[in-house]
Amino acid sequence: MERQDRQGRRTGPLNPEGRAPIETDALIIGAGPVGLFQAFQLGLLEISCHIVDALPAAGGQCVALYGGKPIYDIPGTPVTSGSELAQSLLKQVEPFKPQFHFGEQVATLERQADERLLLTTTAGTAFLAKTVFIAAGVGAFVPKRIAIEGIAQFEGRSLFYHPDSLDRFAGQAVVVNGGDDVALETAIALTAIARQVTLVHRRDGFQADEALVASMRALVAEGKLAFKVGQPTAFDGRQLQITTPDATTVDLPLDALIACLGISPRLGPIADWGLELERKQVPVDTEKYETRERGVFAVGDINTYPGKKKLIVCGFHEATLAAWGATAIVFPGKAIPLQYTTTSTRLHELLGVASSR
């Protein structure tokens, strides 16, 4: 079903819920470093954009997998971390006010009669975009789920995966499941705000920083944090059953279960969009980093071309040329001049800085 504006012009189809799709010049899939820099480059060219990411916050693989580890090969930055880089990129793109849609994965992509692209997400959000930029790395990073039948019905109610804020758990009895840095950091932080905190891990050993393990064990010794060894085997929304290594079952009453079991990349629906794939990567040209589908660009680790190197700095270069490639579609027939942020009063205006002239 298509809708019309007040002048009777067709402006796009309604989504399955009957809501009109969000119209935008560009939709970026992925809020990792390359996706964030893509938004910045589009902003310099006055191309509006929305950004969708399956994770609950920006940063992608860079934050999720090595947020605190040092990165030494970002130009002009002797050393930074994944988290610091993401924050810097968010600050840089702030003047252009990209609109973020976290916790959603783009599920479908379909060409419309007017050549725009209709995309829908797992949350039911629909976008009608002139251009699409796939910056999904090696796929959408999604939290690893607890393997208990029927547990998904409790997500967002009493079951949470990698929550971006712990404030909602104040005064509650919380069980944290996991044994990596994030799990221990979450359990430790909760001891200051939750009524009761229990850490559950399959064994009495952790894939976490030694200092975090020491802090966790100190809190256990002080009686501020409980620790149970076992695997979750049943959950009814108010109680988690775990099975210990000696096959004993233990029931843990709770208000909330937080699972920090890591994340895993999945190419997911991208594989079903009709794009040509080579070993789960999307071939692009090296002029615009456009796929063989007009208006669909791919930047960062998701793409492939002769000489491809999976480096953040290479993704930044690709995003720059992809943004310029989009201008012919967003501004058809218009010559876009190359401007420099050092001297352009227009770019200074867009960036909200005082002109150097």
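Since we're looking at a predicted model, the values are computed, not measured.
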Under a single-linkage definition using a 4.5 Å side-chain heavy-atom cutoff for Ile, Leu, Val, Met, Phe, Trp and Tyr, are [X] and [Y] assigned to the same hydrophobic cluster?
{"X": "L254", "Y": "L159", "value": "yes"}
{"X": "V182", "Y": "L184", "value": "no"}
{"X": "I193", "Y": "L257", "value": "no"}
{"X": "F235", "Y": "I258", "value": "no"}
{"X": "V175", "Y": "L199", "value": "no"}

Considering non-hydrogen atoms only, spot the tightest contact between [X] and [Y] and give its length.
{"X": "I51", "Y": "G30", "answer": "CG2-O, 3.7 Å"}
{"X": "G171", "Y": "R195", "answer": "O-NH1, 2.9 Å"}
{"X": "L351", "Y": "P95", "answer": "O-CG, 3.7 Å"}
{"X": "E287", "Y": "D285", "answer": "N-OD1, 3.0 Å"}
{"X": "L117", "Y": "V132", "answer": "CD1-CG2, 3.7 Å"}
{"X": "I28", "Y": "A135", "answer": "CG2-CB, 4.4 Å"}

Quick one: does [X]'s side chain have a donor or acceptor within less than 3.5 Å of a partner on [Y]'s backbone?
{"X": "Y289", "Y": "G315", "value": "no"}
{"X": "T24", "Y": "L27", "value": "no"}
{"X": "H201", "Y": "K228", "value": "no"}
{"X": "T121", "Y": "T125", "value": "yes"}

Inset, instruction - Kindly determine whether V229 and R202 satisfy side chain to side chain contact (heavy atoms under 4.5 Å, CB included), including the steps that lead there. - result: CA-CA 5 Å; V229 176; R202 66 181 185 277; over 6 Å; no

Legend entry - Chi angles and distances behind the side chain to side chain contact (heavy atoms under 4.5 Å, CB included) call for F100, D53: CA-CA 8 Å; F100 292 91; D53 198 289; over 6 Å; no

Can you give each donor-acceptor pair under 3.5 Å made by side-chain atoms of residues 317-331, sequence neighbours left out, with the distance rounded to 0.1 Å?
unit_1	atom_1	unit_2	atom_2	d
E318	OE1	G300	N	2.8
E318	OE1	N303	ND2	3.0
E318	OE1	K308	NZ	3.3
E318	OE2	Y305	OH	2.6
E318	OE2	K308	NZ	2.9
T320	OG1	F316	O	3.0
T327	OG1	W324	O	2.6

Tell me, please, which residues at least two apart from [X] pass salt bridge (charged side-chain N to carboxylate O under 4.0 Å, His left out).
{"X": "R238", "value": "D255"}
{"X": "D25", "value": "K130"}
{"X": "K309", "value": "none"}
{"X": "E290", "value": "K288"}

Inset, instruction - Could you note down all residue pairs passing side-chain hydrogen bond (donor to acceptor under 3.5 Å, both in side chains) where residues 86-102 supplies at least one of them, sequence neighbours left out? - result: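 Matches after skipping sequence neighbours: H50-H101.
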
Is there side-chain contact between [X] and [Y], with heavy atoms separated by less than 4.5 Å?
{"X": "F96", "Y": "I47", "value": "no"}
{"X": "Q196", "Y": "T198", "value": "yes"}
{"X": "F37", "Y": "V299", "value": "no"}
{"X": "L166", "Y": "V174", "value": "no"}
{"X": "L44", "Y": "L350", "value": "no"}
{"X": "T131", "Y": "F297", "value": "yes"}

Inset, instruction - State which residues pass side-chain contact (heavy atoms from CB on, under 4.5 Å) with T249; sequence neighbours excluded, sorted by chain then number. - result: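 Per chain and number, T249 pairs via side-chain contact (heavy atoms from CB on, under 4.5 Å) with Q241, T243.
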
Inset, instruction - Inspect the contact between E115 and R294 and indicate whether a charged nitrogen and a carboxylate oxygen are less than 4.0 angstrom apart. - result: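 E115 and R294: not salt-bridged.
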
What donor-acceptor contacts under 3.5 angstrom involve side-chain atoms of residues 150-158, with partners at least two apart or in another chain?
unit_1	atom_1	unit_2	atom_2	d
Q153	NE2	G150	O	3.0
E155	OE1	R145	NH2	3.0
E155	OE2	R145	NE	3.3
R157	NH1	Q153	O	2.7
S158	OG	G237	O	3.0

Inset, instruction - Could you work out the complete set of other residues in the hydrophobic cluster of Y72, with links drawn between I, L, V, M, F, W and Y side chains under 4.5 Å apart? - result: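 ILVMFWY cluster around Y72 also holds V79.
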
Inset, instruction - Starting from L311, walk the hydrophobic network (Ile, Leu, Val, Met, Phe, Trp, Tyr; side-chain heavy atoms closer than 4.5 Å) and list everyone else you reach, by chain and number. - result: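 Hydrophobic cluster check, L311: joined to V313.
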
Please table the atom pairs, donor to acceptor, closer than 3.5 Å between any side-chain atom in residues 213-226 and protein atoms at least two apart or in another chain.
unit_1	atom_1	unit_2	atom_2	d
S215	OG	A211	O	3.0
R217	NH1	D204	OD1	3.1
R217	NH2	D204	OD1	2.9
E222	OE1	K224	NZ	3.4

Legend entry - Q281 and its side-chain contact (heavy atoms from CB on, under 4.5 Å) partner, picked from T304, I302, D301: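 Single side-chain contact (heavy atoms from CB on, under 4.5 Å) partner of Q281 among T304, I302, D301: T304.
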
Inset, instruction - Flag yes if more than 12 heavy atoms outside E278 fall under 6.0 Å of its CD atom; otherwise flag no. - result: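 Counting other residues, nucleotides and ligands, CD of E278 exceeds 12 neighbours.
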
Legend entry - All ring-ring contact (aromatic ring centres under 6.0 Å, His included) counterparts of F169, not counting sequence neighbours: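 Partners of F169 by the ring-ring contact (aromatic ring centres under 6.0 Å, His included) criterion, ordered by chain and then number, come out as F160.
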
